[in-house]
Amino acid sequence: MFKRLLATAFLAVPLVGSSQQILNRDPEIDRYVKAVSADSMRATVEKLVSFGSRHTLSSVSDPQRGIGAARRWTLAKFQSYAKNSGGRLTAQLQSWTLKPDGRRVDKEHEIANVVATLKGSDPKDDRVFVISAHIDSRALDIMNRDIDSPGANDDGSGVATALELARILSAAKFPATIVFLIVSGEEQSLLGAEYYAQQAVDKKMHLEAILNNDTMGSSAGSDIGTIDNTRLRVFSEGLPAYQTAEQAAKIRAIGAESDGKTRQLARYMKEVGERYVENLEVVLIFRNDRFQRGGDHTPFVNKGFAAVRITEMNENFDHQHHDIHTENGKEYGDLQKFMDFEYLRKNAAVNLATLANLAKAPQMPQDVQIEVRGSASYAKLNWKAPKAGKVKGYYVLIRETYQPFWQKKLYTTETSITLPYSRDSYFFAVQAVSEHGNESLPVIPLPSR
C-alpha cells in the first residue's frame, strides 16, 4: 500500500550530487544570479580601500578618509539603488554613541550601521531576511585608528556582496522584507551586530534568517599553499547559548541536536546555493565559528535567531589584520590584489539565490507534528498551513539519522502524510512551497500530544 501511495500521490526528489543544481530552478532567480558582476564588486572594494583606515574609532567627519566617509559613501550607494525600487527600498544610518569599555573602546565615539530595507509586498507577511557584513577594518594594533588598514577582503568583500545584491534586487518585489545590513564595530567586539540584534529583540522583529558574510573573496590559503575557488564555507551553531536547560532537554529527547534553526538554514543555503551557482560546493561547518574567532552572526544566534557565517574556504592570514609591509620577500596586508573576484562573484550569487528563494517562499508550515502512538515501523506527520503566503504544496524531507543532509524530498498537496519509514530511524521536516517552487525553511516535527 505504501509503495502505491508514494507512486501516485508524491513526487520523490533525491537530494544527492548535481541534482540539487536543477531542482526547481526559478527563472526569475536565475536571472538575478546571472546579473551578479565581479567587476561591480571589484569597483566597490577599490572604493572602500581608498578611504585609508575604516577603523571603528577613525574619523567620522573627514570627507575622504575614515569610517565616516566610508559609511556615507555606502549609504549613498544604497540610496542610488533605491531610485529603481518604486519606494520599496529605503536606507538610513542607525547611529549611537560608544562608551569607553577599558578594552577596545578608549573614548566616547559616534558609531553607525548602514541599514537598507527592501520592504516586502505582502502586508500579512512580517518576515525579515538579513544579509550582513562589516564596514570597519583594522591593522595589527587593534587600537591604531590612524594607520592604513585597507580591509579589502576583511570585510570589503562582504560589503561589496551586500551592495551588489541591493543593486540587483532593488527593482524586485518579494512578499517578505530583505534587509542589507552594514555594521560597524566588528573588530572592536561585534558592536554593531550586537546593537542591531538587540533592537530586533526589543522591536519583536520577525527575523527568520541572517546571512553574515565576512572575509569571502580570496581563493588562496597562506598556510597550505592551495588555491580553491570551488568551495565556500558556511558555519552554523547546533545548540546556541540562548537555549535553557529545559529547552535543551527537549531537543535531546528527540535527537535534534543538529536540527536547530541555524543548522536548518545552513542546509537550506547549501541546497539552494548549489542549485543556482555552478562549479561551487557549499561546505557546511557544524560549529558556530572558527576557534577563538568571532563574527557578526553570533549576537543574533545568542538571541535566538537563525544566523550563519559565510566565509572563504581557506583564509589567508598573511592578508588579515596585518600592517602593510614586506618581510623576507613576503608581502603582508589586506590588499585588493590578493582577492579573487570571480570567486567572490560565485559566493555572492549563493547569497542572492538563498535570499531570493526565501523571500519568495511562503512562511513556514505551522504546528508540524509526528504521531508517536502506534507502530514505529512508519511515520505519520501532520501540519497546518502557513500564516502568510500562497502555498501550492509541501515538501516532506527525509534523512537517515547519521546523515548530515536531507536525502529525499516528497511532494504533497495535503497537510498530512504517512510514510513507510520508521519514525525511530529517520529524521523528517516539512517545507511550504510556492507556486514557483520556492521553499520555506524546513520545520522539524515535534511529538504529538
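A cation-pi contact, defined as under 6.0 Å to the ring centre and within 45° of the axis, links K409 to Y395. In this structure, R399 forms no cation-pi arrangement with F405, as its terminal cationic atom is not both closer than 6.0 Å to the ring centre and no more than 45° off the ring axis.
Of the listed residues (Y402, W406, Y378, Y421), just one forms a ring pair (Phe, Tyr, Trp, His ring centres under 6.0 Å) with Y426, and that residue is Y421.
Summarising the geometry, atom NZ belonging to K380 is positioned 9.0 Å from atom CZ belonging to R373; distances are rounded to the nearest 0.5 Å. Taking CG of L344 as the reference point, atom CG of L232 lies at 10.0 Å (rounded to 0.5 Å). The distance from the OH atom of Y196 to the CD1 atom of I210 is 8.5 Å, given to the nearest 0.5 Å. In this structure, CG in L191 is found 9.0 Å from CG in D296, a value given to the nearest 0.5 Å. Between atom CD1 of residue I168 and atom OH of residue Y32 there is a gap of 10.0 Å, rounded to the nearest 0.5 Å. Remark: I111 CD1 to Q94 CD distance equals 10.0 Å, nearest 0.5 Å.
Closest of all the heavy-atom pairs between Q336 and A152 is N-CB, 3.5 Å. Nearest heavy atom pair, residue F286 against residue S258, reads CE1-OG, 3.9 Å. The heavy-atom pair separating H134 from D155 by the smallest distance is N-OD2, 3.0 Å. Closest non-hydrogen pair, L280 versus K346, comes out as CD2-O, 3.9 Å. Contact between V308 and H297 at its shortest, heavy atoms only, is O-CB, 3.6 Å. Residues R25 and Y276 share a closest heavy-atom pair of CG-CE2, 3.4 Å.
With respect to the salt-bridge test (charged N to carboxylate O, under 4.0 angstrom), the residues D259 and R263 do not qualify. Between D122 and K124, no side-chain nitrogen of the basic residue sits less than 4.0 Å from a carboxylate oxygen of the acidic one, so the salt-bridge criterion is not met. Using a cut-off of 4.0 Å between Lys/Arg side-chain N and Asp/Glu carboxylate O, E194 and K303 are scored as salt-bridged. Salt bridge annotation for K408-E400: absent, with no cationic side-chain nitrogen under 4.0 angstrom from a carboxylate oxygen. Remark: E315 engages R233 in a salt bridge, criterion side-chain N to carboxylate O under 4.0 Å. Comment: E28 engages K360 in a salt bridge, judged by a side-chain N to carboxylate O separation of less than 4.0 angstrom. Salt bridge E46/R42: absent, no basic N to carboxylate O contact under 4.0 Å.
Between E271 and E439, the closest side-chain pair of non-hydrogen atoms falls below 4.5 Å. By the 4.5 Å heavy-atom criterion applied to side chains, T117 and Q92 are not counted as neighbours.
Judged by distance alone, the side chain of S137 and the main-chain N or O of S149 form a donor-acceptor pair under 3.5 Å. In this structure, the side chain of T177 engages the main chain of G120 through a donor-acceptor pair within 3.5 Å. Between the side chain of Y81 and the backbone N or O of E164 there is no donor-acceptor pair closer than 3.5 Å. Distance alone, capped at 3.5 Å, is enough to place a donor-acceptor pair between the E274 side chain and the V282 backbone. Side chain of S422 to main chain of A376: a donor-acceptor pair is present (N/O by atom type, distance under 3.5 Å, no hydrogens or angles). Between the side chain of R54 and the backbone N or O of L48, at least one donor-acceptor pair lies under 3.5 Å. Although no hydrogens or angles enter the test, the distance criterion places a donor-acceptor pair under 3.5 Å between the side chain of D289 and the main chain of G295. Y268 places no side-chain N or O within 3.5 Å of a backbone atom of S440 that could act as its donor or acceptor partner. In this structure a side-chain-to-backbone donor-acceptor pair under 3.5 Å is present from S170 to R167. R138 places no side-chain N or O within 3.5 Å of a backbone atom of E186 that could act as its donor or acceptor partner.
For the residue pair D340 / S219, a side-chain donor-acceptor distance below 3.5 Å is found, with atom types taken as modelled. Neither side chain, N153 nor H319, offers a donor N or O lying under 3.5 Å from an acceptor on the other. In the model, N438 has a side-chain atom that pairs as donor or acceptor with a side-chain atom of N357 under 3.5 Å. Side-chain atoms of H206 and D126 include a donor-acceptor pair closer than 3.5 Å. Under the 3.5 Å distance criterion, with hydrogens and angles disregarded, no donor-acceptor pair is assigned to the side chains of N316 and Q320. For the residue pair N229 and E342, no side-chain donor N or O sits within less than 3.5 Å of a side-chain acceptor on the partner. With no hydrogens or angles considered, a side-chain donor-acceptor pair links S132 and N212 at under 3.5 Å.
Relative ring orientation between W96 and Y195 is described as parallel, the plane-to-plane angle staying below 30° on a 0-90° scale split at 30° and 60°.
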Take D228 and T230, measure what side chain to side chain donor-acceptor pair (under 3.5 Å) needs, and give me the verdict at the end. CA-CA 6 Å; D228 189 345; T230 63; 3.0 Å; yes
